[in-house]
Amino acid sequence: MLPVLTVFANSPDQGRGLARDMRVRWALEEVGQPYTVRPVSFAEMRQPAHQHRQPFGQIPTYEEGDITLFESGAIVLHIAEHHAGLLPDSPPARATALSWLFAALNTVEPPIVEREQVAYAERERPWYEARVPLLDERIRGRLDDLSVRLGEGTWLDEGFTAGDLLMVTVLRRLEGTGILEGYAKLGAYVARGQARPAYQRAFAAQRQLFMESAKAGDC
Ligand SMILES: N[C@@H](CCC(=O)N[C@@H](CS)C(=O)NCC(=O)O)C(=O)O
């Protein structure tokens with residue numbers, strides 16, 4: 001039985017690979033684990049069947065035998081722990097990789113997501129014009145430190161890990177803001193992630209699903 005991943009039936013990102021199923025697809029491609037997807041509409045995401053899998057009615061979820069996981073970080077960690085290729089064997093290097101995995105989700109992603117949400121939910125509010133630069137500053141604070149730490153390195157530690165995978169997907173969420181363009185090293189780091197064959201396969205798969213739903217008139 002192949003693992004089943006829930007994904008947007010009609011991704012609002014128009015197939016740009018910014019939805020969080022992309023990070024799970026990428027992890028599965030990196031470790032060579034085939035999978036299937038269950039596309040869900042926004043209405044289905046609020047139904048009990050889906051909320052049983054994901055209490056907040058979101059994607060992605062991951063089912064494998066009698067295991068069901070939600071939260072993209074938990075899913076990527078599960079994949080990394082059960083397959084070779086995304087976490088180093090040596091305990092010190094593994095500890096560092098796990099730290100980056102959580103740093104991507106808990107330290108770098110929150111201000112980026114906050115900015116996205118303000119941009120679509122608070123645009124008409126009187127504080128909008130003042131709030132965006134404040135959030136940009138918070139993001140830049142994180143990127144300044146991340147860029148220093150990456151330095152001239154190819155990845156955040158010795159080799160590519162689940163921490164890099166999540167960090168690249170998180171940084172991609174800045175596309176269109178112009179912020180990442182101020183960080184040449186981080187821009188090159190994201191590009192290296194995107195150049196990986198596993199990333200390319202994952203991107204193509206989610207893109208194809210979007211194109212099929214657009215063709216069927218679902219979008
Ligand atoms: N922390 C969750 C966030 C999941 C999330 O925000 N998913 C988005 C798609 S990328 C979603 O389902 N949005 C629709 C909604 O929240 O109603 C994770 O990492 O899995």
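When a ligand or atom number is given, it counts from 1 through the structure's own listing order. None of the values given here were measured: they were computed from a predicted structure. Positions are given from 1, in the same order as the sequence printed here.
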Would [X] and [Y] pass as an ion pair if we require N to O under 4.0 Å?
X	Y	answer
E63	R38	yes
R142	E114	no
K215	E212	no
E30	R196	yes

Would [X] count as a polar contact of ligand 1, with the cut-off being nitrogen or oxygen pairs under 3.5 Å?
X	result
S72	yes
F42	no
E71	yes

How close does the nearest protein non-hydrogen atom get to [atom], and which residue and atom is it?
atom	answer
atom 13 (N) of ligand 1	F8 CZ, 3.9 Å
atom 7 (N) of ligand 1	I59 O, 2.8 Å
atom 16 (O) of ligand 1	Q58 NE2, 3.0 Å
atom 5 (C) of ligand 1	R20 NH1, 3.4 Å
atom 17 (O) of ligand 1	G57 O, 4.2 Å

*Can you list the atoms of ligand 1 that are under 4.0 Å from a heavy atom of P60?*
20 (O)

*Please identify which atoms of ligand 1 are closer than 4.0 Å to at least one heavy atom of M45.*
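Those of ligand 1 that fall under 4.0 Å from M45 are 12 (O), 14 (C).
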
*Specify whether F160 and W26 have parallel, tilted or perpendicular ring planes, treating 30° as the upper limit for parallel and 60° as the lower limit for perpendicular.*
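Plane angle between 30° and 60°, so tilted.
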
*Without swapping roles, check the side chain of Q200 against the backbone of Q194 for a donor-acceptor pair under 3.5 Å.*
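Present.
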
*Report yes or no: does Q206 contribute a side-chain atom to a donor-acceptor pair with the main-chain N or O of F203 at less than 3.5 Å?*
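Such a contact is found between Q206 side chain and F203 backbone.
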
